[in-house]
Every structure is written in C-alpha cells, then in structure tokens.
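Notes to accompany the following structure.
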Amino acid sequence: MRSLSNTLNTEIDKTVQVSGWVNSRRDHGGLIFIDLRDHTGVVQLVITPETAEAFAVAEGLRDEFVVSATGLVRERAPELKNPNIPTGDIEIVVDTMQLINRSEPLPVNTHDEGDLSSEELRLKYRYLDLRRPSMQNVLKRRAEYYRIMRRYMDEHDFIEITTPILANSSPEGARDFLVPSRLHPGQFYALPQAPQQFKQLLMVGGVPRYYQIAPCFRDEDPRADRLYGDFYQLDCEMSFVDDGEVVRQTMEPLIKQLVTEFANKELVSEDIPRIPYREAMEKYGTDKPDLRYDLELIDLTDGLKDCEFKVFQTPCVKAIRVPGGSKFTRKQIDEFTELARKNGAGGLAYILYENNTVRSPIAKFLQDKELQAIQDKTGAKDGDAVFFGADERDVVNKVLGAMRIAFAKELGLADENKIALCWIIDFPFYEWDDGVNKLDFGHNPFSLPKGGLKAIRETENKLDIVADQYDMVMNGYEICSGAVRNYNPEIMYEVFAVLGYDKEYVAAKFGGMLNAFKFGAPPHAGCAFGIDRMFMALESLTNIRDIVAFPKNGSGVDLMMNSPSMVDEKQLEEASLKIATEDPDS
RNA sequence: GGAAUCGUAGCUCAGUUGGUUAGAGCGCCGCCCUGUCACGGCGGAGGUCGCGGGUUCGAGUCUCGUCGGUUCCGCCA
C-alpha cells in the first residue's frame, strides 16, 4: 500500500489508491474533508456529492475508522494550501471509498495535539497510543538507533552472539525472576539480570570480541528512568584486554556518533573526561553528574574549622555558588530547603550577595574573616547565592548533589540540545553497607581489583581498594557500566574471603565460571550500555516508558495484557508448584 | 517497605469559607452548512465526585481508613 507521505506531491493529476485511518472529518454538508492518516503522515481527501456512493460512505465516517479510497491527486489552489502539513499543497479528490473497519469512540487521545490521556489509560490501550505520530517516530528512531549500533559493532569485529534467556539465579545484585523447571521438580531457572557470566565464558571460549543487544531481567521497583522487568543492554566484551581504557576508547566513537549524527546534538566536550569516583563524589555529590553545567561543590571545611557558628561545627562544610542566585525568592528558597531536608539535611543555610551587601540569616553568626573566606573560596560575586551543607561528609555530598540538580533545573542550565559525557572510573571495590552493617561489593564481584591479589591481601582499609571499573554518564544518567574482569580463581576466592565467604560458597555460586577459569582464561574486559535509558537521554525524554512499545507500569503490571495473572491448576502441577493459601488468622 | 501527590462525564480538567438541580472544552447522538484543515452553528444524551466509615441540619469540599495511578527514598552486583 502506498504511503501518505509527501511523495504524493509528485503525483499530481494521477489516480492513486490510499488507505489509512480517519484522523479527522470535516463535514460541510455538501462537501466533506477527511484527513487520512498512516504511519508516514496525513493527506486530505475531498468528497463531493457528485460521487454519491463515496459521499455516503464519508458521511458515516468517524475518528479512527479504517478506509480505503481512490481518487485524483490535485494541486490545491494557492489560497487553499496548508503549509502546516507536508502534503498541504495537494489533496485527493475521491472517486471511490470503502469503509474497511469501524472504530468505537476512543478511550484515549490518539493525537499529539491537546492533552495526553493519563499514562494508565495510554498503557491499557497502548495500541491506540502507538498511533500518535510521536510514538510512531519513537519506534522508527529506535530501529535506526539499533542499526547504527549493530553496524558499528560489526565494523569493529565484534561478533553478535545470543546467550540463554533461561539461566541461573545469581546470588548478588537484583532480585531474580524465577522460572520453575518441569523436568527437575523443585528447581528453578532464573532470567538473566545480564549476560555477565555467559559473555565471560565466551572469552574463555576463544571469542575475541562479543556483543549482543541483550535482554536483561530484574525484579526491582521501577523509576522514571528505570523499566520494570525487562530492558536491553548493548553488551560487549573483549579478550586480551587488561586495561579499561581500551574498552572506553573502543566504544567512545559510537556514543559520539549517536550524539552528533543520530541525535543531532552538540557534545559539550569532544574529550570525554575521566573522573575518579572519589573526585566525582566530592565535586558533584554523585557518581552520575550532569556536566552540562558547573555548580561544583566547594569544600569550606578548612576555612571554617574555627567557626563558632554551631551549624558549621561538623566534620564537613561545603557550598555551592549559584550564579545569579540572589534573585531567588523566599518561596524558591523554602522549596530548596524542603528538598535539602528530604535528602537528610537539617536545613539549608545560604548567603545572598546583592547590591554589594550580604543578605543571610546566618551572617550574624559569622566573623568577617569567615565571610571573606567563604567569598574567596566560592568566588561569589554580586548577584550570586551561596548555599551550604554541613554534616558528615557523605551526607553533605548527597544533599548538595541533589541541590546542584535542583538549582540547574530552576535556572534552566541543562540545555536540551547539548550532551555532556564523562567516564567515572576507579570505583571502590568494596563499600560499607549501612543496612546490614558489613562490608559488601561496591559494584559486582566480577571486576579485577587494581593491584590484584596483593592489593586485596595487603590494603589495610579494604574500602581503599579500587577496581578497574567504569561507568559512562550522559547528562546525569548512568548509561554504561563496565570493568576489567577477574579471570583468576585465586583472586576470586580471595575477594569473597574478605567478606567472610569460604571457597565452598564461591564454588557453589560461581562454579561454572570458576571452573572455566582453570583452563587458560584470557584477560578480558567489557561493558554494557543501558540502551533504553541512553535512547531516552538522546531524545530528550524523561520517562523511559515512552520509548518502549509495551512497558509495564509502576507496579510491574501490563495493563493491556493483564499480566501477571493466575495460571491453571494443571500448569502449577506440571511445574510442581503450590500456591500458599493465606492464613485466615493473619 | 516509607514519603509526597493525584483520583469529578468516554477523554482532559474547573468546582470558592461545607449550602439550591455538580460545570467547561473535546468526544458521542440529532439537525444545518460546498473550501475546511484541531471547520463552524443549533439542540441533546451522558455523573454512585475511586471505594468504605465518621463529623455535620447539610460533604465533591472536612476527617479516618482503604484501593489505584505517578514521582521520590529504600532497592537497582
């Protein structure tokens, strides 16, 4: 079937057949206009009473009816041209028209114009929501995005290999989706959270470079930038690589190409900075900084160490200078304060520099030399504002990290047409888990600690051990995570031993992989890009469900298909499962 | 699991300090209209104000609970 795109403009005075959906109907009594829509666009059909049969059909049409029509493509008179649509110079004078299918009145808005229906309804009737031109565009753009990635990976000698969907439960990380085994009652497969172990085994299997647009499954609560259930990664791995820099430099050109050519956006910096994790936390309060703007965290701890103001008598005092911030209203500052509290601060001290005076609820508690130190260190000028965080160091970083984003949003500093990339490197191998009050893996147990066995054994404070592990950040979104992998069983046992796990535990959990490492495993490194999230960032969207054809909602429910759902007793029996009946007393 | 916020017509929303018969735009139904393009005009139908309890002479409005949506925290190797 021919499309309704502007190629029709070249077929003036020809008879064409077109099909599509009724986008709108304008009935003038003796003359009817139909805007016919397909995936490529809209064209105006004109129906007059002279073609009586077609006219009768057109009179009965309503929004979203499916019709087919034949007619002459006619150039519109100059005053009748519509410059707002690509086919606005022409129209089709209908000769015959068939109603192919009717539509009930719609439960959702299928037009980009006007207010969108609630997301709940959009997801329940996703097949209608997908008819919107912007959603059609997303689907097409995504296919193009995939093509660019595949072409790049192919050209760089990566081999596309699919790995199993029915895999094994992994003890670390996110919650698994379990699949009962019929042939092995009481046993379960798990859907892979990532093809991590498989791709490492491919390296042992002699594959030099692997990639896959890999489905990943995690049973964790979703967010605006995190899908529930399944999502996709551009997953890759390279053998005989023992330096993360090689992986980073291999993948960077692809991401730059996606930014400049695919998304048609400006890179803030051609050189992609490498920022050690510690530095990122100190300067930006987060390991995924949005570098489209500065607003760095400035450490004032030393300058205020003798300060008698009680609020500043904390292990750490830092500040953010907000250029032009003195014009913040009382209400805005109250909202910032509320946000600071939500992130764990007691309050939000500030100084406004206005007309060469200092306006601040805390100025009276500070000595002149302290005010001077603040101004010197922050570089605050007239018209600026300085906001403070004072607490334990990690609390200050977290609070001011959140404030930094809020200030940028308020001032419109995050330019939609720009993309800022960076690599965060040198993640701590271990971190302290406050929840259970013990040491745990910072990211994952598969990366190689820098310094190897010696570092693991001899570093006094295990928190000082770093891994050759790296994340790529795009406009404040973590879009990639990778590492140089541990391919040495001895080191693997040792990194678990630090956490108190014995060899038997490690062997039971990672037996398949550890076994493989005994047989000449090459060094290898790789990474995985969260391509849903990256696509969202490239397209300047903020809801990740908007870029997926059939996403689940915030409760993990597919409103359209009604999953999850109950299954037959027979299916449960075959899977050797029993549903626990609720205790009526509880 | 926690917090914030929302839930009124098919859709998007308004609804004042609690007060007569709960409104608008779009959509739907009927009539009129030969140059509109989100056509226009006239008329009409359509509501258990998410659900349940409470306060009150009186609740869409206040209150408690509950269910559902969204966002954030926890969580996401």
Side-chain angles (χ1 to χ4, degrees), chain A residues 23-37 42-50 55 62-64 74 76-77 79-85 87-88 91 93 103-125 128-129 169-176 192-194 196-197 216-229 231 338-339 341-344 398 402 405-406 427 429-431 433-435 440-447 467 469 478 481 483 495 499 509-510 528 530 533 542-543 545 553-555 557 559:
Chain A
N23 203 54
S24 70
R25 166 175 159 277
R26 295 178 291 280
D27 187 342
H28 289 238
L31 179 70
I32 299 173
F33 299 100
I34 300 287
D35 283 349
L36 193 67
R37 185 197 74 238
V42 171
V43 70
Q44 173 166 283
L45 309 182
V46 188
I47 305 99
T48 65
E50 284 126 59
F55 195 80
R62 294 294 180 273
D63 281 359
E64 299 304 311
R74 178 172 71 185
R76 300 196 200 179
E79 70 276 15
L80 300 180
K81 291 187 176 179
N82 181 355
N84 300 320
I85 58 172
T87 60
E91 61 194 0
V93 186
S103 169
E104 290 184 13
L106 300 169
V108 290
N109 177 16
T110 58
H111 300 250
D112 280 325
E113 299 83 16
D115 293 320
L116 280 189
S117 298
S118 71
E119 190 177 27
E120 192 177 3
L121 282 168
R122 287 176 54 210
L123 292 180
K124 182 171 180 185
Y125 299 97
L128 296 179
D129 193 45
S169 174
S170 45
E172 303 296 325
R175 210 171 280 115
D176 283 318
Q193 296 178 23
Q196 183 67 34
Q197 295 191 59
C216 304
F217 304 88
R218 294 177 193 180
D219 183 9
E220 294 294 342
D221 288 1
R223 288 284 186 276
D225 66 347
R226 202 165 78 200
L227 290 160
Y228 176 78
F231 65 100
E338 179 60 30
L339 180 67
R341 287 217 171 90
K342 261 171 85 175
N343 280 278
K398 179 171 184 252
I405 294 167
F427 278 84
F429 192 82
Y430 294 110
E431 67 183 18
D433 187 334
D434 283 328
D440 199 358
F441 291 111
H443 239 58
N444 72 56
F446 303 111
S447 55
Q469 188 180 308
E478 179 194 321
S481 197
V495 299
L499 301 183
K509 296 298 184 187
F510 303 103
R533 189 181 288 165
T542 53
N543 182 340
R545 293 181 295 276
N553 77 356
S555 315
V557 172
L559 295 164

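Bear in mind the structure is a predicted one, so any value in this text is a computation, not a measurement. Hydrogens, waters and symmetry mates are skipped; everything else that's a heavy atom, side chains included, is used.
For the P atoms, the distance from G47(B) to G10(B) is 7 Å, rounded to whole Å. If you take atom C1' in C31(B) and the same atom in C51(B), they sit 41 Å apart, rounded to whole Å. Between G7(B) and U12(B), the distance separating the two P atoms is 12 Å to the nearest Å. Comparing U66(B) with C73(B), their P atoms are spaced 25 Å from each other, to the whole Å. Between G50(B) and U70(B), the distance separating the two C1' atoms is 16 Å to the nearest Å. Look at the C1' atom in both U20(B) and G58(B): the space between them is 12 Å, to the nearest Å. Annotation: G46(B) and U21(B) have their C1' atoms spaced 16 Å apart (nearest Å). The separation of U55(B) from U61(B), taken at their C1' atoms, amounts to 14 Å, rounded to a whole angstrom.
The residue R37(A) sits apart from the nucleic acid: no heavy atom pair falls under 4.0 Å. Within the nucleic acid shown, E79(A) has no heavy atom closer than 4.0 Å to any nucleic acid atom. If you check every strand for non-hydrogen atoms under 4.0 Å, A194(A) touches a base. Residue-level contact check: I32(A) touches neither bases nor backbone, having no heavy atom under 4.0 Å from any strand. Within 4.0 Å of I85(A), counting heavy atoms only, lies no atom of the nucleic acid at all. Across all strands, Q469(A) comes closer than 4.0 Å to no nucleic acid atom at all (heavy-atom distances). Within 4.0 Å (heavy atoms only), N444(A) reaches at least one base atom of the nucleic acid.
Ranked by how close their nearest RNA chain B nucleotide is to the 5' end, N343(A) and T48(A) are led by T48(A).
For a distance-only test at 3.5 Å, the side chain of R76(A) qualifies as a donor-acceptor partner of the base of C37(B). Under 3.5 Å, the side chain of R226(A) and the base of C76(B) form at least one donor-acceptor pair of N or O atoms.
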N/O-N/O pairs, protein side and nucleotides 66-72 of chain B side, under 3.5 Å:
from, atom 1, to, atom 2, distance (Å)
G68(B), O2', E120(A), OE2, 3.4
G69(B), OP1, N553(A), ND2, 3.2
G69(B), OP1, S555(A), OG, 2.9
G69(B), OP2, S555(A), OG, 3.2
U70(B), OP1, G554(A), N, 3.0
U70(B), OP2, G554(A), N, 3.4
U70(B), O3', R545(A), NH2, 3.2
U71(B), OP1, R545(A), NH2, 2.5
U71(B), OP2, R545(A), NH2, 3.4
C72(B), OP2, A224(A), N, 3.1

Restricting both atoms to N or O, compile the protein contacts to nucleotides 38-44 of chain B shorter than 3.5 Å, with distance only.
from, atom 1, to, atom 2, distance (Å)
C39(B), OP2, S24(A), OG, 3.0
C39(B), OP2, R26(A), NH1, 2.5
C39(B), N4, D27(A), O, 2.5

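Expressed to the nearest 0.5 Å, how far CG of L128(A) lies from OG of S117(A) amounts to 9.5 Å. For the atom pair CZ (F429(A)) and CG (N444(A)), the distance works out to 7.5 Å, reported to the nearest 0.5 Å. The CG atom of D219(A) lies 3.5 Å from the OH atom of Y228(A); values are rounded to the nearest 0.5 Å.
Considering only residues two or more places apart in sequence or on other chains, F446(A) meets the ring pair (Phe, Tyr, Trp, His ring centres under 6.0 Å) condition with F510(A). Scanning for side chain to side chain contact (heavy atoms under 4.5 Å, CB included) contacts around E91(A) gives Q44(A), V46(A), R74(A), R76(A), with sequence neighbours left out.
The side chain of Q44(A) sits closest to G35(B) out of G35(B), C75(B), G74(B).
Look at D35(A) and R37(A) and you find no salt bridge, because none of the NZ, NE, NH1 or NH2 atoms lies under 4.0 Å from a carboxylate O.
The distance from atom CG of L339(A) to atom P of A3(B) is 18 Å, rounded to the nearest whole Å. At whole-Å resolution of the value, CZ in R62(A) and P in G27(B) are 11 Å apart. A straight line from CZ of F217(A) to P of C75(B) spans 24 Å, rounded to a whole angstrom. The CG atom of N109(A) sits 11 Å away from the P atom of G27(B) (whole-angstrom rounding). Taking atom CG of D63(A) as the reference point, atom P of C37(B) lies 16 Å away to the nearest angstrom. Between the CD atom of E220(A) and the C1' atom of G1(B) there is a distance of 13 Å, rounded to whole Å. Here C76(B) presents its C1' atom at 9 Å from CD of Q193(A), a figure rounded to the nearest Å. At whole-Å resolution of the value, CG in L31(A) and P in C33(B) are 13 Å apart.
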Counting Watson-Crick and G-U wobble pairs with both distances under 3.5 Å, what is the dot-bracket string for RNA chain B, 5' to 3', using [ ] for crossing pairs and | for pairs to another strand?
(((((((..((((.....[...)))).(((((.......))))).....(((((..]....))))))))))))....
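No side-chain donor-acceptor contact under 3.5 Å links D129(A) to the backbone of Y125(A). A donor-acceptor contact shorter than 3.5 Å links the side chain of R533(A) to the backbone of E478(A). Although no hydrogens or angles enter the test, the distance criterion places no donor-acceptor pair under 3.5 Å between the side chain of R62(A) and the main chain of S103(A). Q193(A) places a side-chain N or O within donor-acceptor distance of the main-chain N or O of A174(A), the cut-off being under 3.5 Å.
For the residue pair E119(A) / N543(A), a side-chain donor-acceptor distance below 3.5 Å is found, with atom types taken as modelled.
For the pair H28(A) and F33(A), the minimum side-chain heavy-atom distance is below 4.5 Å.
Within the structure, salt bridge (charged side-chain N to carboxylate O under 4.0 Å, His left out) pairs that include any residue of residues 103-116 of chain A comprise D112(A)-R132(A) (at least two apart or interchain).
Note on ring orientation: taking the six-membered ring where Trp is involved, the planes of Y430(A) and F441(A) are parallel (angle under 30°, cut-offs 30° and 60°).
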